[in-house]
Structure formats: structure tokens, C-alpha cells
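A short worksheet on the structure shown next.
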2 protein chains.
Amino acid sequence: MAPTPAPENSALYRELAMRLRHAISDGTYPPGSRLPSEHELAQSFGMARSTVRRALTILGEDGLIASHQGARRTVLAEPRLQSFGELRSFSRWARSIGEVPGGRVDLLERRGASAVQARELGLAPGDPLVYLVRVRMLTGVPVMIERTAYVERAGLRLSFIDLEHESISDRLEEHGIVFAHAEHTIDAVNASADDARLLEIEPGRAILRERRRATDPQGRPLEWSEDRYVGDGVAFTIRNSLAMSPLTRGRAVSTTGNPP
Amino acid sequence: MAPTPAPENSALYRELAMRLRHAISDGTYPPGSRLPSEHELAQSFGMARSTVRRALTILGEDGLIASHQGARRTVLAEPRLQSFGELRSFSRWARSIGEVPGGRVDLLERRGASAVQARELGLAPGDPLVYLVRVRMLTGVPVMIERTAYVERAGLRLSFIDLEHESISDRLEEHGIVFAHAEHTIDAVNASADDARLLEIEPGRAILRERRRATDPQGRPLEWSEDRYVGDGVAFTIRNSLAMSPLTRGRAVSTTGNPP
DNA sequence: AGCTGTAACTTGGTCCTACAAGTGATCACG
DNA sequence: CGTGATCACTTGTAGGACCAAGTTACAGCT
């Protein structure tokens, strides 16, 4: 058999993973049930067992199925719609849950990198970058303040974007700037007077703070952002397994200094 | 070549992944440098390319290396000591960062499941479970309140454990109760009067709340826990990539009701 | 010097085989 | 009727082959 040339960006194993995910969420394989054996899947989809295994590995990493030597795989949970894009982009996430994303630009300027920003973006202090502060809303209600420093390469493209309504991620990707890796640090702080004003809440309310550094496929930093979510508006969810755990608990570092 | 019989629980590819991880953290392959090619690694470790690839896949999922068709893999970051065990167990985590874990039991009793607990643990409301409230400390300083509901199977073992000093996870594993999957939901709330008293902070301070459901390898729920961390004491970190993203952002659900 | 085209190298994807190790159900036997 | 041994099935690990597609470096040409 000739190895299929892969029609689009879709590999066979990713295709199958997607199909199985759907099959789980549409009730073909409800939680608690067992999946067909690797052999059967290979047979019925016309691919090799190794390819099937690769697809199943993905579902396992997502925490959707459990597997043990000797026994058929068990469906654990229904998949949540989630993707890297939804996580990085507020707009995409908002649309995916049926809300209307909105934003108000509070500040957009070219400036020199602070010490923290320089360290996180791999620049020298004072190197030029683009700094953007936005209040993000879900269907009119403010839920998050976003303070992002973009490296120049990405940031200069921002001038051409309608920041109030368009998705920065979408636009940047069209210009060949792709976000591939991200590191998120999550903790809790009390709302400052400034936060309270922008989010229309009382000062002191609990804020879920996410600091994020995103890089391109080569690992070069693209953005460093501090997002502050209204405490009771948003939650983060992680699934992990013995085999794979991308989540770490750490002592909080006081990188509080995100400049005015 | 006969496939090596695997000396311990260690598979070849996991062995190699571990070695590479060490090689990265000890500076052999510093961030920014490129790894040897799959072929070279296979050669020098005497294994097949497919096995090497499997090891490299793991590092990629951990966000340690970036890889692109055609070019050698690039080292992105140093590995953080992290493991599923450290994430689930406060004791293990504390020891791993060089602190002395401590705890004070506030409450331990057998009781009937509340509606929320029943749903999360797959029980009927009123079914017996074991409920444990502890204040956890790092080197004497309280940093977290842990309110955990164990299914009976796991919970009944608790009576034999010295809850103030021993690690519950360690002990339960010795009894054949293994935690294999977990789902964590993280948001921020303000400290209640009760929280403030137990954690020795002022009421209203920002609290990082982690709700967690852990299951055994078969996917059967073992525990459902709500942990409240002092906001400026602890942070969670997640790495993710285009290829894999176990982290989801969701609207906060008001599962606030963890009983008195 | 600068550019271009090509060849060698490198990773991505698919398929195959073989064997080890654990599970589950059947079946024969006491 | 229970019980234990057996065996087919299933997943885990390892090795290997082949080609596609992207990157890099170098040689040679202008």
C-alpha cells in the first residue's frame, strides 16, 4: 500500500482522532463503554494498527479514554471543545462558547521593554516593543483586562488591525505569524483600583491572573501578556494523567510589576 | 534483534526521554541549541529510530523541544521537575521544592454525599463517603485548605494513616489505590471568614481555588476535592502547544457549595 | 561577490512484523 | 456446583522499511 499523500494538513491519525472524538460526544461510545479493539478500528478504517494507536494516544492524553494492557480501552469522559487557538485567543474562545467577543483599547503604543518584559521576550531592556492594553468583554460585560507586550515583528502588524472587533490572532496568522507554544502561569490577586474601574467591580474582589508567554514554532518569543479575569466569571480546566502532566504547581513569583 | 525485555517498569523510550531531559537540564543541550538527529540518537543509544521518535514526542509534549520537518529539533526550555504525583499530592510537591509539608486535621468523618459530591463521584446523594478537611502548611506557614471527599473504598483506609505527617497518596498507593487521572478546575474567590481564620489572613484576600476530581486507572472516581490556596503563595503553570492543549478556559460554574 | 540550483540530510507519516504481558471467558475436572 | 487451568484476544514495546516534504549547505555559475 502506498502511504496516502495526506489530502490537506490532515494526517490520517489526526483524522481518526477527530472522528473518534465525535463518536464519543455523539453517544456512539458513551462514557463507561469500551472502544473497539485497535485491530477492529484498523480494519474498519483501512489503516495500520500503528496509525490507530497514534490516534488513540491523543485521546488518552486528552483524558478521554483509559487504557490498560490486555483490556479494551474505556471511555472516560466526553470531550470538551478545546484547542490551542481557543486558549490563546479570547475572540476564538468567546465565539466557541456562543458569546460575542468585544474589546476596548485602553492603550496602544510603541515603547521600550521593561526589565521583566525584556527577560520574558528575550530582548535587552529598552529594546522597542508594542504594548497593548485592552478590556475584553463577553456580550457587553467586561470580564478581563489584557496587558500584552508584543515583540516588534508581531506588534507592528497591529496598526493595520481593527482592535475593537477583529481577532488579533486571526490577523497575525494571515501575516504568517503563528503562535505555536505557550506557557501559562495562573494565580490569584485582589483587584487594584485600576482593575476595579476597568472591570466595573469593587476594588479588592478576587482576580484570576494569567501570565502567558507565547512563542512561534521555532521557540522565539512573540508575546508576553498579563490577563486579569473577574474571579467569578472564568475558570481554567486541566486534565492530566499519570502518563502526562503539563501542569505544575509552583511557589508564586512576584513578577507583579507590569508597568503602568 | 530481540526486543529488549524491559528490565523494570521502564520502557526503552521512557528511559531515553528521561536521559534527554537530564541532558537538557545539565546543560548538554542548553535552550536554543539543537538536538542530534533521530538517526544519530538511534545509533548512539543502540535503538531504532521509531523508539527514539517516541521519546522525542514526550519531550515535545512537555514543551521542552520544538520540531519541524526538515530541521533538527530545537531545545526550548529547561525541564521543570514535575510529575503527576507531585501535582496530586501536597506532601510530594512540598518535599520536591525543599519545604517541609505539614498539616492539621480540622475534620474527618464518615457522612452522606451531598448533591455535588454525589454527581462528581458517581454516587447517589446520601451514599456514604469520607470527608476530610485539612490545613496544609509549608514549613509551618499555612498555605492551603483542603476539603476532600473520598469514596468509601479509598476513604476507609484513612483511619490507619497518620494524617498530620504522612502522605495520604503514598499510603493509599501502598494499599493498591492508584490515582491515574485528574481533572482540575481553577478560579479565584475571596477568602471567607472561615478561610481567613484557618489560613491566618484577612477576610477578602484573593484565594486561588482548585477543584479536582481524581480517578483510578479504570476511570472510577476516587476523590473530589476543593483546595484553597493563599493567593500570593502558590501559582499554577501550564505549557501547551499547537499539537496538544490540555488546558481549557471556561465560564465559571457556581459549584461553590462545598458543605460546612 | 552574489545568486541559484541541487544534493544530502532531517523530520513527518504510514505500514509491517514480532513478541511480551495482561484480561476475560470458556471449559474441563474434582 | 465451584474452581482452576487454558487459550484467544487485546494492548504495550521494539524493530524496521519506505516515501514525502522541508531545511541546510555547498558547489558552480553569472
Side-chain angles (χ1 to χ4, degrees), chain A residues 1-18 20 33-61 65-75 176 178 180 216-219 241-244, chain B residues 1-18 20 33-61 65-75 176 178 180 216-219 241-244:
Chain A
M1 282 304 114
T4 324
E8 274 295 85
N9 85 351
S10 57
L12 269 185
Y13 71 88
R14 247 178 276 133
E15 176 98 8
L16 177 57
M18 210 190 58
L20 290 176
S33 68
R34 325 212 82 169
L35 286 184
S37 74
E38 298 172 357
H39 184 71
E40 284 168 14
L41 288 171
Q43 205 83 29
S44 60
F45 286 94
M47 47 182 87
R49 178 160 88 105
S50 51
T51 306
V52 172
R53 297 195 100 243
R54 217 166 149 181
L56 291 171
T57 300
I58 295 179
L59 299 195
E61 284 167 352
I65 58 177
S67 80
H68 312 279
Q69 199 166 8
R72 291 197 174 190
R73 268 165 255 255
T74 312
V75 178
V178 181
D216 68 10
Q218 279 75 39
S241 303
L242 259 178
M244 188 214 56
Chain B
M1 283 305 112
T4 324
E8 275 294 85
N9 83 351
S10 57
L12 267 186
Y13 71 90
R14 246 179 278 131
E15 176 97 10
L16 178 56
M18 211 191 57
L20 290 177
S33 68
R34 327 212 81 170
L35 286 184
S37 75
E38 298 172 356
H39 184 71
E40 284 168 15
L41 288 170
Q43 206 83 30
S44 62
F45 285 94
M47 46 182 87
R49 179 161 88 105
S50 51
T51 306
V52 172
R53 299 190 99 240
R54 215 164 151 186
L56 291 171
T57 300
I58 295 179
L59 300 195
E61 283 166 353
I65 57 178
S67 79
H68 311 280
Q69 198 165 6
R72 291 197 172 191
R73 269 165 254 255
T74 312
V75 178
V178 181
D216 68 9
Q218 279 75 38
S241 304
L242 259 178
M244 188 214 58

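In what follows, every chain begins at residue 1, and chains take the letters A, B, ... in the order their sequences are listed.
Distance CG (B/Leu12) to C1' (C/dA21): 16 Å, rounded to an integer number of Å. The distance between atom CZ of B/Arg54 and atom P of D/dT11, rounded to the nearest whole Å, is 14 Å. Put simply, NE2 on B/His68 is 18 Å from C1' on D/dA20, counting in whole angstrom units. As rounded to whole Å, 13 Å separates atom P of D/dT10 from atom CG of A/Leu56.
Put simply, CG on A/Leu16 and CG on A/Leu41 are 6.5 Å apart, with the number rounded to the nearest 0.5 Å. Separating the OG1 atom in A/Thr51 from the CZ atom in A/Arg53 is a distance of 11.5 Å, to the nearest 0.5 Å.
Each of A/Gln43, A/His39, A/Glu38 was evaluated against A/Arg49; a single residue qualifies, A/Glu38, per the side-chain hydrogen bond (donor to acceptor under 3.5 Å, both in side chains) test.
Of all heavy-atom pairs spanning A/Ala48 and A/Ala42, the tightest one is C-CB, 4.0 Å.
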>> For a side-chain contact (heavy atoms from CB on, under 4.5 Å) check, start with the C-alpha distance between B/Leu35 and B/Thr74, then their side-chain angles and the critical distance, and finish with the verdict.
In response: CA-CA 6 Å; B/Leu35 286 184; B/Thr74 312; over 6 Å; no
> After noting the C-alpha distance and the side-chain angles of A/Met47 and A/Val52, does the key distance pass the side-chain contact (heavy atoms from CB on, under 4.5 Å) rule?
Replying inline: CA-CA 7 Å; A/Met47 47 182 87; A/Val52 172; 3.9 Å; yes
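Distances shorter than 4.0 Å separate some side-chain N or O of A/Tyr13 from OP1 or OP2 on C/dG13.
Contacts between residues 41-53 of chain B and DNA chain C, counted as heavy-atom distances below 4.0 Å, involve B/Arg49, B/Arg53.
Within the 4.5 Å cutoff, the side chain of B/Leu20 has no heavy atoms near those of the B/Ile58 side chain.
A search for salt bridge (Lys or Arg N to Asp or Glu O under 4.0 Å) contacts involving A/Arg72 returns A/Glu40, not counting sequence neighbours.
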Pull out every protein N or O sitting under 3.5 Å from an N or O of nucleotides 6-10 of chain C, one pair per line with the distance.
| from | atom 1 | to | atom 2 | distance (Å) |
| --- | --- | --- | --- | --- |
| C/dT10 | OP1 | B/Arg72 | NE | 3.2 |
| C/dT10 | OP1 | B/Arg72 | NH2 | 2.3 |

